[in-house]
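Take a look at the structure set out below.
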Amino acid sequence: MSAGELPIAETFVSIQGEGKLAGVPSWFVRVSGCNLRCAWCDTPYASWRPEGPTRLVEDLVAEARGSGVRHAVVTGGEPMVFAPVAALCAELAGAGLHVTIETAGTIDRPVHADLMSISPKLRNSTPTAARARELGGPGAEGWAERHERARINPAALQGLLDRHPERQLKFVVSAEPRRDLEEIDAVLTGLTGWSAGDVLLMPEGVTEPAPEHRAGVVRICVERGWRYCPRLHIALFGNRRGT
Ligand code: SF4
């Protein structure tokens with residue numbers, strides 16, 4: 001892979017489903033490959049079993065430019081693993097597109113992002129060895145420990161916050177969200193420069209969350225002044241690729 005190429009699982013035009021820009025028509029590019037392996041990953045074809053061709057940055061930018069929408073979302077997998085993502089984001093911005101990067105926040109590198117969407121992975125994301133084998137095949141068991149070691153990188157999180165005044169911190173919370181709260185507080189306590197308006201809680205799942213799950217997350221958001229983060233694309237289209 002050359003300096004101007006990236007492994008790409010898919011590109012598509014849809015609406016942004018999550019976060020501060022939910023509902024905004026966007027061109028998505030899903031970089032294939034990730035340094036984590038979440039137990040509930042909703043894009044295993046870009047993490048557990050990465051697929052897709054290598055594509056030139058200039059071709060991707062031409063596609064985005066011709067898409068007819070003004071927002072680009074660089075997602076994954078984990079786009080920050082790949083150095084050429086910096087060129088991609090710079091060229092998308094140069095073409096006049098608003099650029100969102102979606103990252104788990106374990107890697108910091110100088111990149112242009114009009115919105116840095118950071119989703120630190122909590123303990124609820126760590127797979128058991130059996131789940132790792134189920135998703136990654138024989139030999140994937142080691143990801144249980146690798147994921148747990150790598151999922152929170154306070155220095156990278158702080159670097160991303162320091163570099164990007166427009167950001168969001170999006171936490172995926174389990175069906176028992178109060179169990180995750182202590183860990184969220186521990187992560188946030190170790191970081192500076194964020195405000196309550198940057199923090200979003202999103203119920204885990206690839207279907208619409210149960211009413212009691214939603215209600216539990218809403219209660220925490222009201223108490224803390226955080227935002228509830230829907231998965232609009234799931235509500236509109238279900239768990240389908242290319243949406
Ligand atoms: S960080 Fe994102 S892409 Fe990577 S395994 Fe977790 S959910 Fe999947």
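These values consider heavy atoms only, across backbone and side chains, with no hydrogens, waters or symmetry-generated copies. Atoms within each ligand, like the ligands themselves, are counted from 1 in listed order. Count residues from 1 along the sequence.
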Practice problem: Just need the protein heavy atom nearest to atom 8 (Fe) of ligand 1, so name the residue and atom and give the distance. | Solution: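 Going by distance alone, atom 8 (Fe) of ligand 1 is nearest to C41 SG, 2.3 Å.
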Self-check item: Nearest-neighbour protein heavy atom for atom 4 (Fe) of ligand 1, which is reported as residue plus atom name and distance
Solution: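 The closest one turns out to be C34 SG, 2.4 Å.
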Quiz item: Which of the atoms of ligand 1 are close to L36, meaning less than 4.0 Å from one of its heavy atoms?
Solution: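 Answer, ordered by atom number: 5 (S).
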Self-check item: Contact atoms of ligand 1, heavy-atom distance to G77 under 4.0 Å
Solution: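 Per the distance check, 3 (S).
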Practice problem: If the plane angle is over 60° it's perpendicular, under 30° parallel, otherwise tilted; pick one for F12 and F28. | Solution: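 The arrangement is parallel - the two ring planes meet at less than 30°.
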Quiz item: Does a donor on one side chain and an acceptor on the other come within less than 3.5 Å for Q16 and S26?
Solution: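 S26 and Q16 do not have a side-chain donor-acceptor pair below 3.5 Å.
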Quiz prompt | Any donor-acceptor N/O pair, Q158 side chain to A156 backbone, under 3.5 Å | solution =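 Not at all, since once roles are kept as given, no pair shorter than 3.5 Å links the two residues.
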Self-check item: Location of contacts on K121 toward ligand 1, heavy atoms closer than 4.0 Å
Solution: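 Within the 4.0 Å criterion, K121 contacts ligand 1 through side-chain atoms alone.
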Exercise. Please state which part of C38 comes within less than 4.0 Å of ligand 1, counting heavy atoms only: side chain, backbone, both or neither.
Key: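 Looking at C38 and ligand 1, atoms from backbone and side chain both fall under 4.0 Å.
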Ion pair check, [X] and [Y], cut-off under 4.0 Å:
{"X": "K121", "Y": "E78", "result": "no"}
{"X": "R149", "Y": "E145", "result": "yes"}
{"X": "E183", "Y": "R151", "result": "yes"}

Practice problem: Determine whether any heavy atom of A46 lies closer than 4.0 Å to an atom of ligand 1. | Solution: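 Contact absent.
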